[in-house]
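Scroll down for the structure; my scribbles are underneath it.
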Amino acid sequence: MSQVIINDNEVDIVIGALHSNLTPFMNEWKSIFSRFHLIIVKDPALKEELQIPEGFSADVYTNSEIERVVGSSTSIRFSGYACRYFGFLVSKKKYVVCIDDDCVPAKDDAGNVVDAVAQHIVNLKTPATPFFFNTLYDPFRKGADFVRGYPFSLRSGVDCALSCGLWLNLADLDAPTQALKPTQRNSRYVDAVLTVPTRAMLPVSGINIAFNRELVGPALVPALVLAGEGKLRWETVEDIWCGLCVKIVCDHLSLGVKSGLPYVWRNERGNAIDSLKKEWEGVKLMEDVVPFFQSVKLPQSATTAEDCVIEMAKSVKEQLGKVDPMFLKAADAMAEWVKLWKSVGSA
């Protein structure tokens, strides 16, 4: 890992609590999380009291706090996995790290515990190289460099705005694939980080991510909600939609997105076959969603993440609104989110 100084006061860790007993999860992470401030957002649908162990600096937000801050906003839902977006909204730190409550620290091939927070911050604090692919992955990692033929004019790179970590054990497959391959697990620890090239789309998963809130915070938007959205990753697409939005914003603003390290270990949860009906709707939608994002163009007048989200919302309404009314709701939520971001930021 590169030698990067991590200022504990620059980092918030956001945890969306979908289960009441957070004690096992937080104790597993104690050696890593206890350095930082935590924002824990309770899923409004969760009725039981949260169980949180001592030894952490944490602010806990429940439905009453969400309603007090959000007010009468009708187009944004902070339920299920989307509750973590409220944490993104109220954070005041430069860097936000988000790890799902069904994940524990992974171990690398040498048996060492992976400090996911430290690796995310290293990814965000070292430049990204989206305009020309380096075949030795991240040239800023120890032992790597730019390969022969890499233009010197591009070697300084650009700011990295989003770090997408991976996970061992249960891979992020969709419900049809997981149902067909019920025993398939991800056991390969690949010791690499790479910058996703500009104009290339990727399905971002909120399971294990970090971002520079100052650069792209408003672009992490909870917008696309499936009609029968559930409480399992197979049944949600809000993070995939959000990731596509962020990537378009990063490309437009000449910012970088990295994928690879750090890994977490993801525990089993749910039944893929039970989730098939709910998620199939999202699987089909992607056939329209991806071509839209591949072709969307933002005007040069959009110079901030907020501008970009507003412009994207207009395009979503005009182009995807004809495909499914769900997209009209998503466009409204995107515009509403920017207003909310500005009002909370100025409060």
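The structure presented is a predicted model; accordingly, all values stated were derived computationally and were not measured. In this chain, numbering begins with 1 at the start of the sequence shown.
More than 12 heavy atoms of other residues, nucleotides or ligands lie within 6.0 Å of NZ in K30, so this atom counts as buried by the packing criterion. Within a 6.0 Å radius of OH in Y137, no more than 12 heavy atoms belonging to other residues, nucleotides or ligands are found.
Side-chain contact of E214 with Y95: a donor-acceptor pair under 3.5 Å is absent, judged by distance alone. Donor-acceptor pairing under 3.5 Å is lacking for the side chains of D102 and H19. In the model, H37 has no side-chain atom that pairs as donor or acceptor with a side-chain atom of S57 under 3.5 Å. In this structure, a donor-acceptor pair under 3.5 Å is absent between the side chains of E318 and S315. When only modelled atom types and interatomic distance are considered, Q119 and D115 share no side-chain donor-acceptor pair under 3.5 Å. With no hydrogens or angles considered, no side-chain donor-acceptor pair links R185 and S187 at under 3.5 Å.
Counting only distance, with no hydrogens or angles, the side chain of N208 and the backbone of I99 share no donor-acceptor pair below 3.5 Å. No donor-acceptor distance shorter than 3.5 angstrom exists from the side chain of T177 to the backbone of L173, with no hydrogens or angles considered. Checked by atom type and distance alone, the side chain of D101 never pairs as donor or acceptor with a backbone atom of I15 at under 3.5 Å. Checking side-chain atoms of N123 against main-chain N and O of K258 turns up no donor-acceptor pair under 3.5 Å. The closest donor-acceptor contact from the side chain of D307 to the backbone of T303 lies under 3.5 Å. S91 places no side-chain N or O within donor-acceptor distance of the main-chain N or O of G87, the cut-off being under 3.5 Å. A donor-acceptor pair is defined here as one N or O able to donate and one able to accept, closer than 3.5 Å; no such pair exists between the side chain of D145 and the backbone of P139. Checked by atom type and distance alone, the side chain of Y263 pairs as donor or acceptor with a backbone atom of V190 at under 3.5 Å. Counting only distance, with no hydrogens or angles, the side chain of D100 and the backbone of C103 share no donor-acceptor pair below 3.5 Å. Without hydrogens or angle criteria, W241 side chain to L244 main chain gives no donor-acceptor distance under 3.5 Å.
No side-chain heavy atom of R188 sits less than 4.5 Å from a side-chain heavy atom of L168. The shortest distance between side-chain heavy atoms of V114 and Y189 falls below 4.5 Å. Contact of the M312 side chain with the F293 side chain is registered, since non-hydrogen atoms from C-beta on lie closer than 4.5 Å. Within the 4.5 Å cutoff, side-chain heavy atoms of V216 are placed close to those of L255. Counting only heavy atoms from C-beta outward, the side chains of C242 and Y85 approach each other to under 4.5 Å. Taking the side chain as every heavy atom from C-beta outward, D12 and V97 never approach each other to under 4.5 Å. Between V158 and F131, the closest side-chain pair of non-hydrogen atoms falls below 4.5 Å. For the pair P127 and D159, the minimum side-chain heavy-atom distance is 4.5 Å or more.
The aromatic rings of W29 and F33 sit parallel to each other, their planes meeting at less than 30°, with 60° as the upper class boundary. Taking the six-membered ring where the residue is Trp, F78 and W337 present tilted rings, their angle falling between 30° and 60°.
Here CD1 of I207 is found 11.5 Å from SG of C164. Values are rounded to the nearest 0.5 Å. In this structure, E306 CD and E311 CD are separated by 13.0 Å, a value rounded to the nearest 0.5 Å. If you take NZ on K322 and NZ on K317, they are separated by 13.0 Å, rounding to the nearest 0.5 Å. Taking CZ of F292 as the reference point, atom CD1 of I248 lies at 8.0 Å (rounded to 0.5 Å). Summarising the geometry, atom CD1 belonging to I240 is positioned 10.0 Å from atom CG belonging to L202; distances are rounded to the nearest 0.5 Å. Between R84 atom CZ and D239 atom CG the span is 5.5 Å, to the nearest 0.5 Å.
What you find for V113 and P105 is that their closest heavy atoms are CG1-CB, 3.8 Å. Across F132 and Y150, no two heavy atoms sit closer than the pair O-OH, 2.6 Å. Residues A17 and L22 come closest through the heavy atom pair CB-CD1, 4.0 Å. Scanning both residues, V196 and S259, for their nearest heavy atoms gives CG2-CB, 4.3 Å. Taking all atoms of both residues into account, the shortest heavy-atom contact from A335 to A313 is N-CB, 4.3 Å. Residue P262 comes nearest to S163 through the heavy atom pair CD-OG, 4.5 Å, listed as atom of the first residue, atom of the second, then distance.
Checked against the 6.0 Å centroid threshold, F88 and F211 count as a close aromatic pair. Two rings, from F140 and F146, have their centers less than 6.0 Å apart.
Classification of R213 and E10 as a salt-bridged pair fails, no side-chain N sitting under 4.0 Å from a carboxylate O. Between K329 and D324 there is no salt bridge, since no side-chain N of the basic residue sits under 4.0 Å from a carboxylate O of the acidic one.
The same ILVMFWY cluster, assembled from side-chain heavy atoms under 4.5 Å apart, contains both V221 and F86. L224 and L328 are assigned to two separate hydrophobic clusters, defined by single-linkage of ILVMFWY side chains at heavy-atom distances under 4.5 Å. Residues I32 and V264 share a hydrophobic cluster, clusters being chains of Ile/Leu/Val/Met/Phe/Trp/Tyr side chains in contact below 4.5 Å. With hydrophobic clusters built from ILVMFWY side chains whose heavy atoms lie under 4.5 angstrom apart, V249 shares a cluster with I310. Cluster membership for M201 and M286, using ILVMFWY side-chain heavy atoms within less than 4.5 angstrom, is shared.
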Run the side-chain contact (heavy atoms from CB on, under 4.5 Å) test on I6 and K125 for me, step by step, so that the C-alpha distance in whole Å, both residues' side-chain angles and the decisive distance to 0.1 Å come before the verdict. CA-CA 9 Å; I6 296 170; K125 282 196 163 197; 5.6 Å; no
If you apply the rule side-chain hydrogen bond (donor to acceptor under 3.5 Å, both in side chains), what do you find for T62 with E65, and how did you get there? CA-CA 5 Å; T62 61; E65 279 92 14; 2.5 Å; yes
Is there a side-chain contact (heavy atoms from CB on, under 4.5 Å) between R141 and D191 once you walk through the steps? CA-CA 11 Å; R141 286 193 77 203; D191 185 17; 3.0 Å; yes
Check the pair V60, L50 against side-chain contact (heavy atoms from CB on, under 4.5 Å), reporting the backbone distance first and the verdict last. CA-CA 9 Å; V60 180; L50 288 183; 3.8 Å; yes
Mind running side-chain contact (heavy atoms from CB on, under 4.5 Å) on D138 and L194 for me, showing each step along the way? CA-CA 5 Å; D138 186 345; L194 55 86; over 6 Å; no
